[in-house]
Amino acid sequence: MLTADIPPNQTIYIKNLNEKIKKEELKRSLYALFSQYGRILDVVALKTPKLRGQAWVVFTELTAASNAFRQMQNFPFYDKPMRIQYAKSKSDCIAKDDGSYVPREKKKKQEEKAEKKRRAEEAQQYAMANGPGSQSNGGPKVPFHGNPNAQEAAPNSILFIQNLPHETTSVMLQLLFEQYPGFREVRMVDAKPGIAFVEYEDEDQSSTAMQHLQGFKITPQYPMAITFAKKGAPMNSQNKKKMQSLFSDSSSNPFDILTEEIVLKILDHLENDDASARKSFSLTCKTFYFIESRHRKILRPLRTELLPRVLHRYPFVSHLDLSLCPRVDDNTLNVISSTLKATLSSINLSRSRFFTNVGLSSLFVNCSSLVEVDLSNGTQLTDLAASAIAEAKNLERLRLARCKLITDMGIGCIAVGCRNLRLLCLKWCLRVGDLGVELIALKCKEIRSLDLSYLPITEKCLKSVLQLQYLEDLILEGCHGIDDDGLSTLEQSSKSLKMLNLSNCQNVTCVGLSSLTNGAEQLEQLILAYGSVVTADIAKCLHNFSKLQSIKLDGCLVTLSGIKAMASLNTSVKELSFSKCLGVTDEGLSLLVQSHKQLKKLDITCCRKITYTSIDSITNSCTSLTSLRMESCSLVPKEAFVLIGPRCPYLEDLDATDNEIDDKGLKSISRCSKLSILKLGICSNISDEGLAYVGSCCSMLKELDLYRSMAISDAGITAVADGCPALEMINIAYNDKVTDKSLTSLSKCSMLKELEIRGCPGVSSIGLSAIAMGCKQLTVLDIKKCFNIDDNGMLPLAQFSRNLKQINLSYCSVTDIGLVALASINSLQNMTILHLAGLTPNGLAAALLACRGLMKLKLHASFKPLLPRSFLEYMEAHGCVFHWRDKAFQKEMDPKGWNLHLGRSTSTELP
DNA sequence: AGCACA
């Protein structure tokens, strides 16, 4: 059995121990070392020639063993790194506990084992000599990973077929199996290609079919492997009894009565990305553990060091997301390409560095089924990398955003090599110009989506791009080389175009736009944010688009005639965005919403001219509105918010940040029972009374922002915590009325992922402990300037918040001790640690060395000279990026709210 | 490298 195949066991097996240590001392030290993970029942170590250097540690709990297994792997112990595995069998002291202990008769037992092995080998040889798949080349070429107990399965009218090529369909199998009498049906498992179940009327008939089709090759490389399916148990009274006795007898596994088919079906119903559900599933029993490992398709590992073993456990992974691994070197890519050769279809390397074209080349040459690759942020990648990409002949989706060294030459290679590209993102590839893009357009005829944002291109390459007959999405954001004159030379747009983004193209006006979109009859979405003035001319281009759904003009100057032109369109759009637009008035907006009554999403952030009138028109006309974003609409009075609740019952998302809304308004809005996102930052007119309405009516609420809404206190937060169990994000920053009571209430929200309590002096480590214990999904935490949070808050966080990715603890009272504890959280990626009075350079270094997945770290510049250079290099080599800040210590925390209208500190200081 | 309980 290979290491990765050994299922979890409450006993761990440790090898590579220092053989010079005396047995008793070794046992004592192991006991001391591993007690931190849980209660230990026994430590076994022997010094016989065969068993020296090894030991077993028996825990009372499986979870203790698995934590020890993970966390102490390679731990240096008496100068040698420990190699830990799960024990292969149950320890005697456990067996004695649960009554399954059978005293062994030493030699006899061993002989029996050997005998069994011999017999199994004989049987296999016999099968090899007689099976039909063997005539030419001796059995299946491709090892199939099926149920290891398959050969022992009793005859069954259902057959279990493995090692099928992935393109096999149920019709193909039916044609094959219906030739034999008694055929009933073929069943395939959607989420698991390569296997199928075929049912016959009885066991004789299924046996006949099995004999005839054993080893049949649908394609030359895949001889099918047929076994009897594991027996399922219909629920007659006899079985019920069996079930009951199984449950009362802990030594056998009640789940063994489920067939693999049923177990796979259960897995199909688990969310693919729900790690905890999958984990519980595989810890149910050995069979489940095994089946889950074959079913897993998506993997997002935390550590590349463990990748060889992880990939061995999950051989059918097709989607590998390495965005949590800052360091991925060529060696790692080699491991991936050799283990996932045939199965890998998608890989994300956008957050990883340290690999080169050599590793990429091995990846693309070996993994021929790769269809999707994200290499964004590969600022180190050159044209050599591009020519490696060109080996990926089947690539369909390629992202190269910010690969600034890749030139037209490299893109040319990709154009020639990857003819099946459907999506290509070249955003910020500053050395790619007309030539590269033209080559892509000429060679890659399948392109659907092309992102050319911020490229130094002109209309020259657009000629070819617009001839792509399947082009749907074209993104030309910030292409300053494109202007009206150039566009006027274009004759016809792409007929298939659905989305056009010309944001930040200041040299393009409605004139250029109409040349570019001439003939684009399928256009659904037009994004012209931060562009030139929107005038009546816009009507000229828009009136042709009968399918237009969405117009975004964020940051543009919009004239009244421009808005009138949009109001006179004969199509009804679903989405309009005017965030930060100058020129939006009550008159224009009212006209517009009256002619677009189907509107679902409207963004009028910072439209500072609109008043009650606009809100009245919007809510009157657009009753199916789901999203209304109106941050800082400073002339809208509080009375306007009362209109929203009764008129827009489908509202899911309301941004009323920095508005006059009061409790009456909140009462009205709480009638929107589908409300999921509610932003009430800097709303000083709302109080606990208003929040109580939200708490009692909006049970689907997921996000609540109360940043600097200073009138609220514990009672309001508690009402929300009690009434909104689905809450995932809450921001209560800069509120001096909030205390630990709020945090204790919020600890009941078990889905909470993001908590910001920056600048709340009333909360302490006690409240944070409650959060740590109750909110196990917590991923992002901001406790900056919570002066009363100290090391006592970090310890529970370290123990319970194992999913924490990001933390800001600047200005807290945390010291070396708290930080070192925090560092034990494996998932930590991003920390901001400024102005911690009790932090020493040594404590910081010790903590950081323990955080192996760190990607981004904000520290005060004064630490830089105090940390050894070699230490900084070590961290950087592991993928950590340091951000040195030198802002002076701020004693007061913006007591008068000076920052209020100068942009929010959240967005400038948190990444 | 190696899977036991004496």
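Any value given below was found using the heavy atoms of this structure, including those in side chains, with hydrogens, waters and symmetry copies removed. Per chain, numbering begins at 1; letters A, B, ... match sequence-line order.
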Which whole-number value in Å describes the distance from A/Asn9 CG to B/dC5 C1'?
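Whole-Å distance recorded here is 13 Å.
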Mind calculating the distance between CD (A/Gln10) and P (B/dC3) to the nearest angstrom?
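After rounding, the reported distance stands at 20 Å.
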Looking only at the side chain of A/Leu46 (C-beta and beyond, no hydrogens), which of the listed nucleotides B/dA1, B/dC3, B/dA6 gets closest?
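Selected nucleotide: B/dA6.
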Measuring from the side chain of A/Glu19 (C-beta onward, heavy atoms only), which nucleotide among B/dC3, B/dG2, B/dA4 has the closest atom?
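Selected nucleotide: B/dG2.
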Under the side chain to side chain contact (heavy atoms under 4.5 Å, CB included) test, residues paired with A/Glu873 that sit two or more places apart:
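Partners of A/Glu873 under the side chain to side chain contact (heavy atoms under 4.5 Å, CB included) test: A/Arg869.
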Mind checking side chain to side chain contact (heavy atoms under 4.5 Å, CB included) for A/Leu306 and listing every partner two or more places apart, or none if nothing turns up?
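Residues passing side chain to side chain contact (heavy atoms under 4.5 Å, CB included) with A/Leu306: A/Arg303, A/Arg309, A/Val310.
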Are side-chain N/O atoms of A/Thr304 and A/Thr332 paired as donor and acceptor at under 3.5 Å?
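Result is no, nothing qualifies.
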Starting at the 5' end of DNA chain B and moving along, which residue's nearest nucleotide shows up first, A/Asn16 or A/Lys47?
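The residue whose closest nucleotide sits nearer the 5' end is A/Asn16.
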For DNA chain B, whose closest nucleotide is more 5', that of A/Trp56 or that of A/Thr48?
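Checking each residue's closest nucleotide, the 5'-ward one belongs to A/Trp56.
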Is the phosphate of B/dC5, meaning OP1 or OP2, less than 4.0 Å from a side-chain N or O of A/Lys96?
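Checking A/Lys96 against B/dC5: no side-chain N or O falls below 4.0 Å of OP1 or OP2.
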With a 4.5 Å limit on heavy-atom distance, are the side chains of A/Ile12 and A/Phe59 in contact?
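Yes; the side chains approach each other to less than 4.5 Å.
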Taking atom types as they are modelled, would you say the side chain of A/Ser91 forms a donor-acceptor pair with the base of B/dA4 within the 3.5 Å cutoff?
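Checked by distance alone, the answer is yes.
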